[in-house]
Amino acid sequence: MPTLVRLFGTAAGRALHTHARGHDPRTVRNDPLPKSLSADRAFDEDILDPATHRRALLDLVEEIAGRLRDSRQAAGGLALSVRYADRTSSTRSRSLPEATAHTRPLTTAAYDLYTLLALQRARVRGISLRAQDLRPLNDAPEQLSLDAGDDRARAVEAVADQARARYGPGALRPATLATTKRTSAGIPHVVKGLSASDPRVNRDGPTRPFR
């Protein structure tokens, strides 16, 4: 086992050693895991502003990452689709360096896909994001990070997950989304002219901004 740990890391090395000895602690599932998980945002009007596109995209990542963690799954890839005013669409996809359910790397990948689309002044009517190549979270070895920012981000994730479990979706959101509310159809709208501390921003639920 020491050789496997040295070559593949502690978690992966121990897992390989255990499997080689014929032991597999994973639960046998009768219901197959879905191969993908998606979320969609539609706009009431043509949106040309890249900042609004990215805000909607961050909202999608927050939703998908939370659903992945709730279902104990990790995504091996992402696909981003953008619908235009003329009903055409563009899609870009990529595999992730390692399967994950963490918001930070999923956001980075989603923004990279958005950049690849080179939308410029495109008239966007909707954005959808799909997490694909799903696998059980326990089967996704996680590389150790020396970035303190990753540790802080994951600590915030844990708090956000607890808040969502207790108060429902949107209980704790990034400050970037603090002034975004949803209509009854689930369409995001930016509440303009309000600060994040304005009580009107949070009238639809216990949303609180965090950084």
Side-chain angles (χ1 to χ4, degrees), residues 34-43 47 49-83 89-119 122 124-135 137 140 142-143 145 147 149-165 168-182 186-190 196 205 207-211:
K35 294 182 180 180
S36 65
L37 186 157
S38 62
D40 183 89
R41 295 291 179 270
F43 300 115
I47 302 296
D49 179 27
T52 303
H53 299 164
R54 286 177 172 267
R55 191 159 45 240
L57 186 54
L58 176 59
D59 196 27
L60 290 170
V61 173
E62 286 282 325
E63 177 183 335
I64 284 181
R67 289 166 61 188
L68 285 170
R69 293 192 297 273
D70 287 346
S71 60
R72 302 295 298 166
Q73 296 180 85
L78 281 183
L80 171 65
S81 295
V82 173
R83 298 187 302 279
S89 63
S90 298
T91 301
R92 295 290 184 274
S93 63
R94 69 166 39 174
S95 296
L96 300 174
E98 61 182 29
T100 185
H102 293 300
T103 303
R104 192 178 190 185
L106 290 174
T107 300
T108 299
Y111 282 170
D112 287 347
L113 290 173
Y114 176 84
T115 300
L116 288 175
L117 286 171
L119 297 180
V124 174
R125 292 304 299 266
I127 299 176
S128 63
L129 187 68
R130 184 174 72 255
Q132 50 197 23
D133 188 19
L134 302 188
R135 63 200 68 179
L137 196 57
E142 192 170 298
Q143 185 173 358
S145 173
D147 186 350
D150 285 340
D151 294 335
R152 289 193 296 270
R154 293 177 185 182
V156 170
E157 272 183 6
V159 173
D161 289 344
Q162 293 174 5
R164 285 190 301 104
L172 193 63
R173 311 179 75 198
T176 305
L177 301 176
T179 56
T180 300
K181 74 181 188 69
R182 297 180 188 278
I187 301 172
H189 285 274
V190 177
T207 302
R208 294 292 182 270
F210 65 88
R211 298 188 181 277

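Positions are given from 1 along the sequence.
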Contact check, side chains of Leu106 and Thr103, non-hydrogen atoms, under 4.5 Å: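 Side chain of Leu106 against side chain of Thr103, heavy atoms only: no contact under 4.5 Å found.
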
Calculate, to the nearest 0.5 Å, the distance between atoms [atom1] and [atom2] belonging to [X] and [Y] respectively.
X: Arg92; Y: Leu78; atom1: CZ; atom2: CG; answer: 15.0 Å
X: Asp49; Y: Leu119; atom1: CG; atom2: CG; answer: 12.0 Å
X: Ser81; Y: Leu117; atom1: OG; atom2: CG; answer: 8.5 Å
X: Phe43; Y: His53; atom1: CZ; atom2: NE2; answer: 6.0 Å
X: Gln73; Y: Thr100; atom1: CD; atom2: OG1; answer: 13.0 Å
X: Ser90; Y: Leu113; atom1: OG; atom2: CG; answer: 12.5 Å

Heavy atoms only: give me the nearest [X]-[Y] pair and the separation to one decimal.
X: Leu80; Y: Ile127; value: CD1-CG2, 3.6 Å
X: Ser38; Y: Arg67; value: O-NH1, 2.9 Å
X: Leu96; Y: Ala109; value: CD2-CB, 3.5 Å
X: Arg83; Y: Ala42; value: NH2-CB, 4.0 Å
X: Ala110; Y: Val61; value: CB-CG2, 3.8 Å

Test of understanding: with side chain to side chain contact (heavy atoms under 4.5 Å, CB included), list the residues that count as partners of Ala101, not counting sequence neighbours.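 Checked Ala101 against side chain to side chain contact (heavy atoms under 4.5 Å, CB included); matches are Leu68, Arg69, Leu137.
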
Just jot down the side chain to side chain contact (heavy atoms under 4.5 Å, CB included) partners of Ser93, sequence neighbours excluded, or say none. Ala79, Gln132

Donor-acceptor contact below 3.5 Å, side chain Arg41 vs main chain Leu129: no

Sorted by chain and residue number, the side chain to side chain donor-acceptor pair (under 3.5 Å) partners of Ser128 (sequence neighbours excluded) come out as none

Could you list the residues that satisfy side chain to side chain donor-acceptor pair (under 3.5 Å) with Thr108, not counting sequence neighbours? none

Holding to salt bridge (Lys or Arg N to Asp or Glu O under 4.0 Å), I want the full list of residues that pass it with [X], two or more places apart in sequence or in another chain.
X: Arg54; answer: none
X: Arg94; answer: Asp112
X: Arg125; answer: Asp46

